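What follows is a single structure, written as structure tokens, with notes after it.
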Amino acid sequence: MILHDHFNVNEKGHLTIGGMDAVELAKEFGTPTYIIDENVIRANCRAYRNAAIKYFGADALPLYASKALCFTGIYKIAAEEGMGIDCVSGGELYTAKRAGFPAERIYFHGNNKTDRDICDAMDIGVGTFVVDNFDELCAVSAEAQRRGITQRILLRITPGIDPHTHKAISTGSVDSKFGTAIETGQAMEIVKKAIAAEGIDLAGLHCHVGSQIFDIEPFSDAADIMVRFIADIKRECVYEIRELNLGGGLGVRYTEYDREIDYAASIRDIAAVVTGFCKKNGIRMPRVILEPGRSLVAAAGATLYTVGSVKTIPDFRTYVSIDGGMPDNPRYALYQSQYTALIANKASEPKSKRVTVAGRCCESGDLIGENMELQAAERGDILAVLVTGAYNYSMASNYNRIPRPPVILVKDGEARVAVRRETYEDLTRNDVL
Ligand SMILES: *Cc1c(COP(=O)(O)O)cnc(C)c1O
């Protein structure tokens, strides 16, 4: 087992993903290629859903934050597993609709929904809008009135938790492009406007405190603040908030330095603190929603590359260059995100080197990682980067006119193309002149 149960080494000394030989997969589908173990995603969905129903009650609905990994097939999987989804753009909505995802289970997020987004979402009958600010509330209300419908909404609230330290703070986090802050008084104002607005059914509140979180304290701190705010609304507006969405953000094990998280136990603990806060504040327990992205899909993925040049600069470092890089995984360039890499065809050999894994773009920041432990690499080896299921394909670009890799779903010994490899024709398809 390497990091997660579905990454192993077979008798040939090759990495296996969901039981399938990574070297064979690279041969069959070419490189670079995203491999996604479908059973892992399904198992994670079930773990979240079963725990949510067990600890929050029968009407609990975990949402998949689909920005983490978005293509038609993933929405089919989410639908089959009884999940709701969180979408943030017209493109995600379009893809979900194409997959036949039930619209009433879609939550439509984003801090700036365009007029077209609002119309598109209402056209397909999106169940819930998560409204970010006053301006958007007016736009959603106006369009709902024009259509003679009542649109169910949540309001995105900024509870005042620092997204970096995850601590409750009294100033600073007010300054966010997301949501409306409690401490400026604007959150209470927008609640009042939403209650009064025509064409709007204010069902509840939403907050999202951050990402790659390894304990429940930030959720607990946020829930404490949100439940007190719900009690304030009850008192001041004589209005019952029926739903509380605590966002996503539970962490994932990317390297051996990260802990493994028991998602069911985290949900149990979050449920216990929310129940306690509701009792203390004398309010009825709202329907609690969680919307994980990363923790559902990250571990399911690995990216396979072919090693090209290996270059050692004496007294400095060794660069192992691969046939992908920041266009398929921009996360090291963006956030210095840490990954685990190995040579898939030498997986049973010791990691005797420390290297920089570099991409092929004209950009010195185009790296997958520095100081990465790796087996001795040579041209033609298959290099695997593990735990790339989240925020890799969905953040991929065509920088340097590099076609995006395919997404291959593996399940029970079978591999299927879920998204085909882009071609050079795909790259020029929209070039008119
Ligand atoms: C990104 C995001 C999520 C998912 O976050 P993860 O860290 O991937 O679990 C959930 N809700 C909102 C509003 C988000 O922006």
Side-chain angles (χ1 to χ4, degrees), residues 36 40-41 44-45 47-49 51-52 61-70 74-75 78 83-89 91-93 96 105-113 117 121 126 128-133 136 153-159 161 163-164 166 173 176-181 204-219 222-223 226 243-254 258-259 261-263 266-267 270 288-301 329-331 334-335 337-338 387-395:
I36 305 286
V40 172
I41 295 178
N44 285 336
C45 288
Y48 264 101
R49 211 174 104 78
L61 178 71
L63 310 181
Y64 166 49
S66 64
K67 70 177 196 267
L69 175 65
C70 178
I74 198 97
Y75 289 117
M83 306 288 287
I85 52 169
D86 145 0
C87 290
V88 291
S89 72
E92 287 181 0
L93 288 175
R105 279 196 262 146
I106 300 178
Y107 283 66
F108 187 28
H109 276 274
N111 65 304
N112 182 23
K113 300 169 188 72
D117 289 339
V126 159
T128 308
F129 277 59
V130 182
V131 171
D132 187 272
N133 54 61
E136 193 169 282
I153 72 159
L154 306 183
L155 289 172
R156 179 154 182 170
I157 303 298
T158 314
I161 307 273
H164 303 293
H166 299 131
S173 72
S176 168
K177 80 164 187 164
F178 295 112
T180 307
L205 307 178
H206 170 276
C207 64
H208 172 71
V209 290
S211 212
Q212 192 61 349
I213 299 170
F214 282 90
D215 53 63
I216 71 148
E217 198 191 327
F219 293 98
M226 295 296 280
E243 187 167 303
L244 174 61
N245 181 328
L246 291 173
L250 279 173
V252 168
R253 184 163 203 237
Y254 284 94
D258 298 325
R259 269 195 296 123
I261 296 194
D262 180 341
Y263 300 118
S266 303
I267 292 168
I270 292 168
V288 179
I289 303 249
L290 295 176
E291 46 183 20
R294 182 193 311 277
S295 53
L296 290 177
V297 296
N329 182 359
R331 294 191 66 251
L334 280 172
Y335 325 107
S337 303
Q338 300 298 308
V387 194
T388 57
Y391 306 114
N392 274 237
Y393 175 66
S394 65
M395 286 186 152

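In what follows, every heavy atom counts, from backbone to side chain, and hydrogens, waters and symmetry copies are set aside. Computed from a prediction, not measured in an experiment: that's the story for all the values here. We count ligands from 1, going down the list as the structure has it; atoms in each ligand are counted the same way.
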Open item on the list: To the nearest 0.5 Å, what is the distance between CG on Asp117 and CG on Leu93?
Closed with: 7.5 Å

Open item on the list: Using 30° and 60° as the class boundaries, would you call the ring planes of Tyr263 and Tyr48 parallel, tilted or perpendicular?
Closed with: parallel

TODO: Within a distance under 4.0 Å of any heavy atom of Tyr391, pick out the atoms of ligand 1 and give their elements.
DONE: 1 (C), 4 (C), 5 (O), 6 (P), 8 (O)

TODO: Mind checking the CG-NE2 spacing from Asp132 to His206? Nearest 0.5 Å is all I need.
DONE: 10.0 Å

TODO: Answer yes or no on whether Arg156 is positioned over the face of Phe178, meaning its NZ or CZ is under 6.0 Å from the six-membered ring centre and within 45° of the axis.
DONE: yes

TODO: Go through ligand 1 atom by atom and flag the ones less than 4.0 Å from a non-hydrogen atom of His109.
DONE: 13 (C)

Open item on the list: Would you say the ring centers of His109 and His208 fall short of 6.0 Å from each other?
Closed with: no

Task: ligand 1 atoms in contact with Ser211 (distance to a heavy atom under 4.0 Å) - done: 6 (P), 7 (O)

- [ ] Would you check whether Ser295 has a nitrogen or oxygen atom less than 3.5 angstrom from a nitrogen or oxygen atom of ligand 1?
- [x] no

Task: For Asp86, the ligand 1 atoms whose distance to one of its heavy atoms is below 4.0 Å - done: 10 (C), 11 (N), 12 (C)

Task: Euclidean distance, Glu291 CD relative to Ser66 OG, rounded to 0.5 Å - done: 10.0 Å

Task: Ligand-side contact atoms (ligand 1) for residue partner Gly249, heavy atom cut-off under 4.0 Å - done: 5 (O), 6 (P), 7 (O), 9 (O)

Open item on the list: As an exercise, identify every atom of ligand 1 less than 4.0 angstrom from a heavy atom of Arg156.
Closed with: 13 (C)

Open item on the list: Below the 3.5 angstrom mark, is there an N/O of Gly293, backbone or side chain, next to an N/O of ligand 1?
Closed with: yes

Open item on the list: I need the atoms of ligand 1 closer than 4.0 Å to a non-hydrogen atom of Pro292, numbered in the order shown.
Closed with: 9 (O)

Task: Nearest protein heavy atom with distance in Å, relative to atom 1 (C) of ligand 1 - done: Lys67 NZ, 1.3 Å

TODO: With Lys113 as the cation and Phe108 as the aromatic partner, state whether NZ or CZ is under 6.0 Å from the six-membered ring centre and within 45° of the axis.
DONE: yes

Open item on the list: Below a 4.0 angstrom heavy-atom separation, can you tell me which part of Glu291, side chain or backbone, both or neither, approaches ligand 1?
Closed with: both

- [ ] Please state which part of Ala65 comes within less than 4.0 Å of ligand 1, counting heavy atoms only: side chain, backbone, both or neither.
- [x] side chain

Open item on the list: As an exercise, identify every atom of ligand 1 less than 4.0 angstrom from a heavy atom of His206.
Closed with: 13 (C)

Task: Under 3.5 Å side-chain donor-acceptor pair for Asn392 and Asn329 - done: yes

Open item on the list: Could you measure the distance from the CE atom of Met83 to the OH atom of Tyr64? Nearest 0.5 Å is fine.
Closed with: 9.5 Å

